[in-house]
Every structure is written in structure tokens, then in C-alpha cells.
Protein chains: 2
Amino acid sequence: MSAVRRISELVPQSAKAEWLDTIIKGDCVAALNRLPDQSVDVIFADPPYNLQLEGTLHRPDQSRVDAVDDEWDQFESFAAYDAFTRAWMLAARRVLKPNGTIWVIGSYHNIFRVGSVMQDLGYWFLNDIVWRKSNPMPNFRGRRFQNAHETMIWASRDKSSKGYTFNYEAMKAANDDLQMRSDWLFPICTGKERLKTDEGDKLHPTQKPEALLARIIMSSTKPGDVVLDPFFGSGTTGAVAKRLGRHFVGIEREDSYIEAASQRIADIEPLDNLDLAQVQGKRAEPRVAFGSLIDAGLMKPGTLLCDAKRRWTANVRADGTIAIGDDAGSIHRVGARVQGLEACNGWTFWHFEEAGSLKPIDELRRIARLNMQVAAA
Amino acid sequence: MSAVRRISELVPQSAKAEWLDTIIKGDCVAALNRLPDQSVDVIFADPPYNLQLEGTLHRPDQSRVDAVDDEWDQFESFAAYDAFTRAWMLAARRVLKPNGTIWVIGSYHNIFRVGSVMQDLGYWFLNDIVWRKSNPMPNFRGRRFQNAHETMIWASRDKSSKGYTFNYEAMKAANDDLQMRSDWLFPICTGKERLKTDEGDKLHPTQKPEALLARIIMSSTKPGDVVLDPFFGSGTTGAVAKRLGRHFVGIEREDSYIEAASQRIADIEPLDNLDLAQVQGKRAEPRVAFGSLIDAGLMKPGTLLCDAKRRWTANVRADGTIAIGDDAGSIHRVGARVQGLEACNGWTFWHFEEAGSLKPIDELRRIARLNMQVAAA
DNA sequence: TGAGCACGTGAATCGCGCC
DNA sequence: AGGCGCGATTCACGTGCTC
């Protein structure tokens with residue numbers, strides 16, 4: 001019985017927190033405060049900004065705003081919204097893992113306040129993303145431009161969080177092999193996807209399209225990650241997370257939304273692992289030391305290496321370094337030095353001669369990796 | 001000698017404030033404070049972005065990226081940037097006419113702070129506009145989405161400013177007869193348009209494309225309006241304003257920028273009136289009362305009007321109202337009432353029969369306007 | 001003269017893991 | 001936990017030179 005086996009018995013694979021893949025009923029901040037520290041990988045939040053209609057906001061002095069037609073002066077209403085934003089953003093930050101990231105969506109009514117509060121709290125912006133609507137509502141009065149987009153902020157917990165998940169290669173592959181831009185084009189949520197009440201009205205005023213959530217989740221989470229949505233609403237985040245093999249946690253106050261979202265998510269069939277596989281970049285490949293090529297007999301000490309244009313020639317030494325005269329070092333350092341550059345990828349810079357043509361030593365690394373796979377199988 | 005003539009002698013047409021069409025050297029706030037109250041129609045501002053760059057960034061080919069590391073873009077903290085923003089925004093608001101509007105451009109580094117400060121000061125957001133760059137700089141490390149856009153805020157001075165200029169029809173005409181959206185696509189400023197130093201380096205690190213300013217000025221100003229740019233830089237705002245027959249005022253601290261911008265603007269040839277004639281929005285056209293069509297003989301009392309599908313028929317009365325049986329009123333009120341709507345544009349709703357086909361009474365309004373122009377000439 | 005290639009460059013908050 | 005070293009990473013377009 002191996003150590004790995006024993007550990008897996010102590011902490012069974014199937015053990016999972018009871019709040020995973022559930023919708024927590026209640027106030028956003030109170031519910032967040034019941035979750036453990038550093039327990040979620042990604043947060044997606046679609047916070048309310050229509051203060052009057054929400055009716056749950058409090059003034060900075062905690063007095064409740066009780067009437068729909070409550071007369072606020074402008075400053076008071078912005079201050080109240082900022083206080084509300086600060087409260088849930090702070091609570092959200094505690095439950096976020098150190099390398100976790102957060103997505104927040106909003107319009108020009110609220111996104112600037114949200115962004116400012118986030119920066120004040122220490123969130124570090126990675127991108128702002130524009131959701132361009134392919135079918136926005138027209139402007140009826142002809143006094144402004146057609147409001148055809150919403151803005152999302154993608155941020156890490158701290159400036160120092162460098163280990164966040166970003167599936168760069170997958171995004172690039174999905175965009176015809178060009179890196180994914182900060183402006184995304186999607187239709188708004190309509191048709192069969194749009195949840196309706198029994199009376200045929202739309203269930204939720206701002207139901208987000210699943211395609212939008214799918215890109216968010218595919219870009220910034222790994223399978224098995226936990227995605228939290230503190231304003232769960234109709235449950236788009238949960239539905240997409242489940243389909244894509246991620247865990248979700250929802251927080252929602254309204255019973256009608258919880259009920260509809262639960263049913264919606266229950267009907268979702270997760271994709272199987274094969275369909276979930278993402279393109280992996282070179283960073284995911286196992287590291288191979290140049291010296292190990294010599295150990296494996298793929299490269300012999302004394303071999304001459306040169307760059308593609310044969311401007312420089314270096315000698316392979318038994319310890320895995322290469323040398324030009326007295327100048328010795330790793331394939332990368334020597335490659336950088338001869339070119340007068342800060343850095344160099346020696347694997348693609350240096351070549352060896354085979355059958356009269358030059359081949360990059362990266363070819364040998366590829367063979368070494370294949371051998372490793374065969375040996376492991 | 002008419003009263004009109006006498007007034008024009010007291011205030012000659014050619015009299016113009018000495019600061020019009022000039023570049024004021026100095027600090028932004030101090031210079032703004034020297035301008036009169038409520039003296040400019042539109043402000044375009046491209047303030048420092050407060051980029052926070054750590055090390056040097058290299059492209060994959062190891063070349064160094066020329067970063068914006070200018071002294072004017074450095075701030076101690078978010079609080080310092082906010083204070084700077086509040087100061088110039090406040091000074092700008094005083095010189096803005098009550099129906100003036102302001103455009104501010106920024107990136108995710110600063111735009112959320114700018115937006116919050118603007119709302120706190122009482123500016124009222126009309127739109128946020130996304131400038132999608134057709135040729136943005138790539139992300140070189142593959143750790144984020146490509147930063148492919150910048151954000152602009154368009155705001156009126158007050159929530160109550162209803163008389164601001166928005167050339168809706170001109171924008172619509174420029175967009176294949178579809179409403180102009182809030183996401184605009186333009187290339188960044190390169191090639192011959194980009195100002196260079198004698199050494200061949202870029203004169204200004206963030207010169208904006210003229211096409212972007214042209215759309216801004218065409219959408220939100222009238223010919224002869226005054227456009228102020230408190231961060232004038234290479235003078236794109238002044239160049240485009242002059243070409244489009246608007247006045248400009250620039251504020252700039254750096255002599256080198258002032259000198260280059262002055263030369264640039266001096267070389268500009270304004271478009272003639274014919275080229276400038278914009279598609280006039282219907283709202284800007286002289287108001288025509290339905291009754292005046294009767295006075296002008298274009299419409300006879302007793303004429304039958306009907307809607308495009310001939311569902312309702314109304315009778316034109318000599319007083320300029322129309323009636324269906326006992327239900328009488330303006331073309332708009334009666335049109336709304338029969339449809340059970342709050343409002344109705346009677347000009348496009350009601351039709352009259354001519355040569356066997358139905359034509360909207362708006363045709364007659366068009367003829368009446370032409371007659372008015374001829375009479376005035 | 002034209003097609004084609006090489007090269008330069010733009011508001012950028014741009015690693016990661018091992019020891 | 002800081003230091004060190006591997007080695008991964010780019011799109012559109014204007015200019016100017018070559019063939």
C-alpha cells in the first residue's frame with residue numbers, strides 16, 4: 001500500500017464541502033461570511049445597480065432605504081452604493097484563494113464605482129473586457145448612442161498573485177489562432193435559453209447568456225475548480241459551471257430565483273472529460289535538462305552546435321554545458337551572450353548537423369519527452 | 001438702420017475671445033481657472049492614465065517595448081490620482097456651458113477612478129464608448145487577454161442638462177442608416193499621421209487618431225462651437241476642430257508639444273461649408289405646426305387622413321386639429337389615442353392619399369420647410 | 001514598376017519553479 | 001522565502017529595400 005493510497009484514504013476523493021454545488025439562500029455578505037477562507041478559485045458577480053428597485057440597500061449609516069420613491073440626493077445614493085459594493089467585495093476577497101480571480105460585470109451606471117472600490121480594496125486588474133452585444137436594444141429617443149455593450153473587470157486578489165489560471169492557448173485556439181482580445185461579441189440571452197415564469201414573462205431581468213459565462217469559465221478556471229456567484233439570479237453561472245465540469249456555489253435571496261435555478265441546473269448534463277480537454281501550451285510540457293540528452297545518449301559530448309545561419313559554433317561538453325572557446329554555460333546563456341541579448345531560448349537557437357542539414361536541438365528534446373512517456377507507461 | 005444692425009455693431013461678428021483657437025501654456029487647473037465661466041461647448045480630455053509598470057517588457061524577438069514612463073504619468077497613489085482628477089474635473093466643469101458635454105478617454109488603469117470622480121462631482125453620464133483598436137499591441141507574455149480597446153465617457157454637466165448637442169441623424173447616416181453604437185472601431189495612430197521628432201522618434205507617446213476625434217466632434221458639436229482640450233499634447237483635438245469648422249482651446253505644459261501642435265494646426269485647411277453640411281437631424285430642423293400646412297395651402301380642411309394600414313381615418317379641421325367622430329386633438333394626441341399608446345409621432349403615423357397611394361403627412365412638412373428656406377433666402 | 005519580404009513598433013499595470 | 005536560471009511569448013500595418 002503506497003503513501004499516495006493512504007493519503008487518499010484519509011481524504012477521500014469524494015469528500016466535498018457541503019456547500020459545494022448548492023445555492024445558499026440569504027444576503028450576499030452574510031452568506032459569504034459563512035464560507036471558509038480561501039476556498040474558491042473564481043468569482044463571477046453580476047451585482048445589482050438599480051438601487052431604488054432593489055430596496056435592500058442601506059445608507060452609510062445603516063438606515064434602511066424603505067421606499068421605492070425615496071428621494072435621495074445624488075451623493076447619498078452613490079455613497080450607499082459604494083458602501084454596499086465595498087461590503088460584498090471585502091467579503092468576497094476573503095473567500096478567494098490567493099491565486100483566485102474575480103469577474104464583475106456592469107454598465108456605465110455602476111461599473112466605475114465598482115472598479116474604484118475594487119482597486120481601493122487591493123484587487124489587481126488583469127483586463128477590462130467589453131461584451132459587445134450583437135443584438136442590443138435600440139435607443140428610442142435618439143438622444144444618445146445605442147448602448148451596445150457591457151463592461152467586465154477581471155482581477156486577481158492581489159497585485160502579487162501571479163499564479164492565477166489563464167488558459168491562454170485554449171483562448172487562442174478558439175479565436176482562429178490569434179490571441180483572444182478584450183472585446184467579445186455575443187448575442188444577448190433570448191429564445192429558449194431565456195427562463196420564463198409560468199405567466200410567460202421573463203424570470204430575471206438581466207439573465208446573462210451561457211456563451212458569455214462559458215468563455216469566462218473556460219478562460220480562467222481548470223476542471224474541478226470552484227466558481228462562486230454571489231448574485232446567482234437565474235443560475236447561469238451554475239449551469240455553465242456544471243456543464244463544464246467545475247463546481248459552483250450560488251448565493252441568492254429570492255426563493256423564486258433559487259427554485260428556477262435549481263431546476264435548471266438539475267437538468268444539466270455535464271460534458272465528459274474528453275470533451276472538456278483543453279489545448280495545452282508548451283508551459284505544461286515536462287522540463288528536460290539539456291544534460292539529460294547526453295545521459296540518454298541522444299547527444300554526444302564534443303558535438304558541434306551552431307545557430308540556424310551558422311554565425312556561431314559551440315562545443316557540447318560532458319556536463320551539459322556548451323562552450324565557445326573559454327565562454328561556457330547553458331545553451332540559453334551562451335546563446336544570449338553571443339547575440340548580445342538578455343535572454344535566448346537555446347532549444348530553438350542551437351542546431352546540430354544531421355544528414356547534411358541543420359536541425360534544432362529542440363528535436364532531440366521532443367524525442368526525450370516521447371521516451372519519458374514510453375518509460376512511464 | 002435696424003435694431004439688428006445696431007447690435008451687430010456693438011458686438012461685431014468678428015469679435016472673438018483672445019483665447020479662442022490658441023494653446024495656453026501651463027498647468028491644466030491654473031489655465032482652466034483663467035477661462036470665463038460657461039464658455040466652452042465640449043471638452044475632450046485625454047488625462048494621464050497612471051500606468052503602473054514594473055520592469056521592462058520585451059517582445060518574443062527580444063526587442064524592447066518603448067513604454068510610457070513619462071514623469072507626467074507617475075502618481076504616488078490612487079488617492080493622489082483621484083485628487084488630481086477631482087481638481088481638473090472641477091475646474092473644467094466651471095468653464096463648461098450648462099448644456100455642454102465632456103469626453104474623457106482612459107484605460108482600465110484609470111478610467112474607473114475618473115468615472116467615479118465625475119459622478120461625485122455631478123457630471124451625468126450619457127454613454128460610455130469603447131474604442132476598439134483594429135491593430136492593438138499584442139500581449140507578449142500570454143498571461144492576459146490582448147488589451148484591444150480604450151474606454152471613453154461622454155457626460156453632460158448636470159443631470160438636468162437636456163439641451164446638449166447630439167447629432168443623432170448624422171451619426172446614423174454615417175453608420176449605414178443604423179443607430180451609431182457605443183463600440184467604435186478605429187486603427188491606432190500610425191504612419192504619416194503620427195508626428196515625429198527631428199530624430200524620427202514619436203513626438204508624443206499617446207497621440208490619438210484624428211478619425212476618433214472627428215467622430216467625437218461630429219457627434220456632439222455644431223459648427224462654430226468651442227472645443228476645449230486640457231491635455232492638448234500633439235494637438236489632435238485642435239487639428240480636427242479647425243478642419244471641421246469648430247473653435248478649439250488647448251492647454252499644454254510642454255513647449256515641445258505646443259510648438260509641434262501649433263505648426264500642425266497652422267497647416268490645416270478648414271473644410272468649406274458645403275463639405276461641412278451635415279445631415280441635419282430632424283430635431284434640429286425648424287419646427288412646423290400642422291396648422292401651418294393649412295395656412296400655407298398644403299393641406300385643405302376636410303381632407304381625410306389615415307394610418308399606413310388604413311385601420312383608422314381622421315378628418316382634418318380648419319384649426320389644425322384632426323378628429324375621429326367626437327374625438328379631436330393634435331395629430332399626435334389622436335394618433336396615440338387610437339392606438340392606445342402614450343405617445344405617437346403624428347407626422348409619420350398619418351397619411352394622405354395622392355395619386356392612388358398613401359403618403360405620410362411628413363412629406364408635406366418637408367415641403368413646408370423647403371418653402372421656409374426659400375423665403376428666408 | 002510591382003510584388004514581396006524584412007524590419008520596426010504601438011498607453012503594457014505581461015513567469016515560474018526549483019533549491 | 002528569496003535568488004537563480006530555464007525558456008516561453010506577438011498582431012497589424014507602414015516603410016523601405018530587394019529582386
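Numbered from 1 within each chain, the chains take letters A, B, ... in sequence-line order.
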If you check the [X] side chain, which of [options] turns out closest?
X	options	value
B:Arg194	C:dA12, C:dA11, D:dC6	C:dA11
B:Ser63	D:dA8, D:dC11, C:dT9	C:dT9
A:Lys282	C:dA11, D:dG7, D:dA8	D:dA8
B:Pro138	D:dT10, D:dA12, D:dA8	D:dT10
A:Gln179	C:dA11, D:dT9, D:dC11	D:dC11
A:Ala343	D:dT10, D:dG7, C:dA12	D:dG7
A:Arg287	D:dA12, C:dC16, C:dG10	C:dC16

Report which part of the nucleic acid [X] touches: base, sugar-phosphate, or nothing (heavy-atom distance under 4.0 Å, all strands).
X	answer
B:Ser107	nothing
B:Arg144	base
A:Tyr168	sugar-phosphate
A:Glu285	nothing
A:Gly281	nothing
B:Lys202	sugar-phosphate
B:Asp69	nothing
B:Cys189	nothing
B:Pro209	nothing
B:Leu53	base
B:Arg143	sugar-phosphate
B:Pro136	base
A:Arg365	sugar-phosphate
B:Asn147	sugar-phosphate

Who pairs with [N] - Watson-Crick or G-U, where each distance is under 3.5 Å:
N	answer
C:dC14	none
D:dG2	C:dC19
D:dC13	C:dG8

Whole angstrom is fine here: how far is it from [atom1] in [X] over to [atom2] in [N]?
X	N	atom1	atom2	answer
A:Ile331	D:dG5	CD1	C1'	12 Å
A:Leu126	C:dG15	CG	P	12 Å
B:Leu57	C:dG10	CG	P	13 Å
A:Arg283	D:dG7	CZ	C1'	9 Å
B:Arg141	D:dT9	CZ	P	10 Å
B:Glu54	C:dG15	CD	P	10 Å
A:Asp177	D:dT10	CG	P	10 Å
B:Lys208	C:dG10	NZ	P	13 Å

Determine whether B:Arg144 and A:Tyr164 make a side-chain contact, defined as any pair of heavy atoms from C-beta on separated by less than 4.5 Å.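 The answer is yes, as the side chains (C-beta and beyond) meet within the 4.5 Å cut-off.
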
[N] phosphate, OP1 or OP2: any side-chain N/O from [X] under 4.0 angstrom?
X	N	value
A:Ser330	D:dG5	no
A:His332	D:dC6	no
A:Lys162	C:dC16	no

Check whether the side chain of A:Arg333 and the base of D:dG7 form a donor-acceptor pair under 3.5 Å.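 Donor-acceptor pair under 3.5 Å: no.
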
D:dT9 base to A:Glu169 side chain: any donor-acceptor pair below 3.5 Å?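 It does not, because no donor-acceptor pair links the side chain of A:Glu169 to the base of D:dT9 below 3.5 Å.
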
Taking atom [atom1] in both [N] and [M], what distance in whole Å separates the two?
N	M	atom1	value
D:dT10	C:dG10	C1'	12 Å
D:dC17	C:dT1	C1'	14 Å
D:dT9	C:dG17	P	14 Å

Within the 3.5 Å criterion, strictly below it, is a donor on [X] or [Y] matched to an acceptor on the partner's side chain?
X	Y	value
A:Ser330	A:His332	no
B:Thr236	B:Arg264	yes
B:Ser63	B:Arg59	yes

Taking atom NZ of B:Lys196 as the centre, does the number of heavy atoms from other residues, nucleotides or ligands within less than 6.0 Å exceed 12?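 Check passes, neighbour count above 12.
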
Is the number of heavy atoms from other residues, nucleotides or ligands within 6.0 Å of CD (B:Gln52) greater than 12?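 More than 12 within 6.0 Å, yes.
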
Both B:Pro205 and B:Asn139 contact DNA chain C. Taking the nearest nucleotide for each, which residue is further toward the 5' end?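 Checking each residue's closest nucleotide, the 5'-ward one belongs to B:Pro205.
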
By nearest nucleotide on DNA chain C, pick out whichever of B:Leu51 and B:Phe140 is the more 5' one.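 Its nearest nucleotide being more 5', the pick is B:Leu51.
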
Take A:Asp120 and B:Arg113 through the salt bridge (Lys or Arg N to Asp or Glu O under 4.0 Å) test and state the conclusion after the steps. CA-CA 10 Å; A:Asp120 289 342; B:Arg113 313 211 71 87; 2.6 Å; yes

Check against salt bridge (Lys or Arg N to Asp or Glu O under 4.0 Å), B:Arg64 and A:Glu342: CA-CA 10 Å; B:Arg64 201 175 66 82; A:Glu342 289 281 318; over 6 Å; no

side-chain hydrogen bond (donor to acceptor under 3.5 Å, both in side chains) between A:Thr321 and A:Arg317, worked out: CA-CA 6 Å; A:Thr321 60; A:Arg317 310 201 295 187; 3.0 Å; yes

